[in-house]
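Read the structure below first, then the notes.
Each chain gets a letter, A, B and so on, in the order its sequence line appears, and its residues count up from 1.
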Amino acid sequence: MTITLYNSLTRTIEPFAPLNAPNVTMYSCGPTVYNFAHIGNLRAFLFADLLQRTLRTVGGYDVRWVMNITDIDDKTIRDSAFGSQAWPTALGTQSDDPKKNLRDFTEYYTKEFVADISAIGIDRAHLYAMPNATDYMPQMQDLIRRIYEQGFAYIRSGSVYFDVAKWRKADVYGKLFTIDAENFQEGVRIDADEYDRESVSDFVLWKAQKDGEPSWDFEIGDTNCIGRPGWHIECSAMEYELLGLPFDIHTGGVDLKFPHHEDEIAQSKAGYGIEPTRYWCHNEFLEVEGKKMSKSLGNFFTLRDVIAKGIDPLDIRLLMLSAHYGTRLNFTFAGLESTRKARLRLQEYIYDLVEHINFDVNSMTDPAPQAIALREQVFAELANDLNTPKALAQIFTFINNNPVAGLQESEICGLIRFFRELNDVFAVFHFTQRPVVTAEPIPDDIQALATARWEAKRNRDFATADTLRKEVEARGFLIKDTKEGFVVERV
RNA sequence: GGAGACGUGGCCGAGCGGCUAGGCAGAGCUCUGCAAAAGCUUGUACAGCGGUUCGAAUCCGCUCGUCUCCUCCA
């Protein structure tokens, strides 16, 4: 099925066609590992995951997916620096080697990151690579040299800068983002000591060493510029190395359009002579009370914060899938609760399907028209720029109109197969037998009260039964009557 | 100051000129002695004001409000 995608480069929805079907190459801007990811960050990775899963399942492609780990930048250096308050206690004492501190620090948060994305249903096996920037030092340096040799970079005080003014004469700077060069608001967010550059719009490719910071030798021109890479260069270098240029799709959050992705395009083209990719896909932000979730605003939740509140990570995944990736999504705990209920309803339906079947699903070859029609509709929505909300709506409409009790075996079979396939994209459903609720042990005295109530009820002494029920409820337990008897649960 | 978005019923969210999703909550009902759970039924909303059109939530203009980006950002 042909998939259409909104391309930030053309600002239109376009049919997606890979350069070498059935292979698709895709690069996603990953995390900077200086802290735990918050769920706003996670939306970007969930979007990339949704996209690659849809390409596999709906598009039938083989996807080579790369997500980088930024393990060197201002923040990782700052927080791993000797004496940093941000040094995780789990790591023990710091060494006196800045490089080792940086590596230990970023490895720690990388591990946590992988655990987080696994919890929300991103399968590490789907990733071809999760490269660390610091493992691609020679490639980054090679790219910077190429840019320098092409005349689009200059060296100042040991740093290497990209010459945007010069590049603008050779090519368009502002492909993803309309840049109004006249109205650059200068000064507010600029770290003064970094700015030996000729123009504010120039960006750094390589930063000169500062005392006590990790650094690498770098022979360029006729000097050794000891230092470390700038922010944008890693992506360009790793894309070239791991995917080759041009590759098919590049994903990231909208905030990365400028400057990060714009600079990436300029660097890659200036150095390699080729633009990195043809489809740029960006996800919108997760908001809290109408504002971007961010560390600086302090309105963020990490995954572990949310899990600690008893939230199932699958509900976070489904919540994100219930809004289109290109719109802002307002995060609330009420919304999470609403998503949980919706998910459980779908899950109940699947449990019902599983319960009503007593033969091997895979051996069934008869087409079940209803299931085929549903699959067509739902996959068409996914193919339509990943319209997950609409796809979910189709599924709910279907289950509302088709209770499991009224289905033929062939339909049940077809539906199970459909839901399994769907789960290759959604990854929020279970296909086991409905689990038996394992009641936690009930204190003997509560059990005795409940039993007494059951006796009273059987004797039709409802007044006593109600009194006992209230007593049990006052103690924090709930009695649920069933056909055969009763169960007691903690409220 | 510049650029770009957005504003849909109590909440979340589709919609891309006519057929006016879906979820959650609420209400009513069924089943239950009661309760719980479950199931069923039920909702014409598009910020405001103009305009275009046979017809506008959808297109255009203005107003109001909100957000994002403009070299830390998913």
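Separation of the C1' atoms belonging to G15(B) and U44(B) is 14 Å when rounded to the nearest angstrom. G22(B) and G9(B): their C1' atoms are spaced 14 Å apart (whole Å). Between U63(B) and U68(B), the two P atoms lie 22 Å apart (nearest whole Å). When the P atom is used for both G13(B) and C73(B), the distance is 27 Å, rounded to whole Å. Going from the C1' atom of C70(B) to that of C60(B) covers 29 Å, rounded to whole Å. Taking the C1' atoms as reference points, G43(B) lies 13 Å from U20(B), given to the whole Å. Atom name C1', nucleotides G10(B) and G33(B): the rounded distance is 35 Å, in whole Å. The separation of A47(B) from A14(B), taken at their P atoms, amounts to 15 Å, rounded to a whole angstrom.
Using a 4.0 Å cut-off between charged side-chain N and carboxylate O, Asp74(A) and Lys210(A) make no salt bridge. Looking at Asp466(A) and Lys470(A), no side-chain N of the basic residue comes within less than 4.0 Å of a carboxylate O on the acidic one, giving no salt bridge.
For Leu329(A) and C67(B), the CG to C1' distance is 14 Å, given to the nearest whole Å. Atom pair Arg340(A):CZ and C24(B):P shows a separation of 12 Å (rounding to whole Å applied). The separation between Arg453(A) atom CZ and G33(B) atom P is 11 Å, rounded to whole Å. Between Leu286(A) atom CG and U68(B) atom P the separation is 13 Å, expressed in whole Å. In this structure, the CE atom of Met320(A) is 12 Å from the P atom of G13(B), given to the nearest Å. Following rounding to the nearest Å, Leu256(A) (CG) and C73(B) (C1') show an atom-to-atom distance of 7 Å. To the nearest angstrom, C1' of G39(B) lies 16 Å from CG of Leu344(A). Residue Phe396(A) contributes atom CZ, which lies 6 Å from atom P of G23(B) at whole-angstrom precision.
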Test log, rule salt bridge (Lys or Arg N to Asp or Glu O under 4.0 Å), inputs Glu112(A) and Arg304(A): CA-CA 10 Å; Glu112(A) 299 294 341; Arg304(A) 57 205 70 213; 3.0 Å; yes
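Counting non-hydrogen atoms under 4.0 angstrom, Asn387(A) reaches the backbone sugars and phosphates but no base. His260(A) comes within contact range of no nucleotide atom at all, as no heavy-atom separation falls under 4.0 Å. Phe47(A) comes within 4.0 angstrom of no nucleic acid atom, judged by non-hydrogen atoms across all strands. Across all strands shown, Asn330(A) has heavy atoms under 4.0 Å from sugar-phosphate atoms exclusively, and none from any base. Residue Gly40(A) is in base contact, counting any heavy-atom pair closer than 4.0 Å across all strands shown. Within 4.0 Å (heavy atoms only), Glu287(A) reaches sugar-phosphate atoms of the nucleic acid but no base atom. Within the 4.0 angstrom heavy-atom criterion, no nucleotide atom of any strand lies near Ser28(A). Counting any heavy atom pair closer than 4.0 Å across all strands shown, Ser322(A) reaches sugar-phosphate atoms only and no base atom. Contacts of Ala323(A) with the nucleic acid, taken as non-hydrogen atoms under 4.0 Å apart, involve only primed sugar atoms and P, OP1 or OP2. Residue contacts shown for Leu319(A) are absent, as no nucleic acid heavy atom lies under 4.0 Å away.
Of the side-chain N and O atoms in Asn400(A), none sit less than 4.0 angstrom from OP1 or OP2 of U41(B). The phosphate of A25(B) (OP1 or OP2) has a side-chain N or O of Lys341(A) nearer than 4.0 angstrom. Taking side-chain N and O atoms only, Thr388(A) has no distance below 4.0 Å to OP1 or OP2 of G13(B). Within the 4.0 Å cut-off from OP1 or OP2 of C24(B), at least one side-chain nitrogen or oxygen of Arg345(A) is found. In this structure, Lys480(A) does not reach the A38(B) phosphate: none of its side-chain N or O atoms is under 4.0 Å from OP1 or OP2. Taking side-chain N and O atoms only, Lys291(A) has a distance below 4.0 Å to OP1 or OP2 of C67(B).
Base pairing of A3(B) is made with U68(B), judged by Watson-Crick or G-U wobble geometry with both donor-acceptor distances under 3.5 Å. In a base pair of the Watson-Crick type (N1 to N3 plus N6-O4 or O6-N4) or a G-U wobble (N1-O2 and O6-N3), with each distance short of 3.5 Å, A38(B) is matched with U30(B). Across the strands present, C11(B) finds its partner in G23(B); the criterion is a Watson-Crick or G-U wobble pair with both atom distances under 3.5 angstrom. Across the strands present, A47(B) finds its partner in U63(B); the criterion is a Watson-Crick or G-U wobble pair with both atom distances under 3.5 angstrom.
Set against C72(B), G22(B), C34(B), the side chain of Trp231(A) has C72(B) as its closest nucleotide.
Remark: Lys257(A) fails to qualify as a cation-pi partner of Phe177(A) under the 6.0 Å distance and 45° angle criteria applied to the six-membered ring.
For G33(B), its base sits under 3.5 Å from the side chain of Asp466(A) at one donor and acceptor pair at least. Between the side chain of Arg328(A) and the base of C67(B), at least one donor-acceptor pair of N or O atoms lies under 3.5 Å. Under 3.5 Å, the side chain of Lys292(A) and the base of C73(B) form at least one donor-acceptor pair of N or O atoms. Between the base of A35(B) and the side chain of Arg469(A) there is a donor-acceptor pair shorter than 3.5 Å.
A donor-acceptor distance shorter than 3.5 angstrom exists from the side chain of Asn423(A) to the backbone of Ala427(A), with no hydrogens or angles considered.
Map Val164(A) and Ile13(A) each onto its nearest nucleotide of RNA chain B; the residue landing nearer the 5' end is Ile13(A). The residue among His232(A) and Arg11(A) whose nearest nucleotide of RNA chain B is located toward the 5' end is Arg11(A).
Between Phe486(A) and Ala450(A), the closest heavy-atom pair is CE1-CB, 3.6 Å. Across every non-hydrogen atom of Phe113(A) and Ala37(A), the tightest pair is CD1-CB, 4.2 Å.
Each of Arg343(A), Arg317(A), Arg340(A) was scored for a salt bridge (Lys or Arg N to Asp or Glu O under 4.0 Å) with Asp312(A), with one residue passing: Arg343(A).
Tyr27(A) has its side chain out of reach of Thr277(A): every pair of non-hydrogen atoms, C-beta onward, lies at least 4.5 Å apart.
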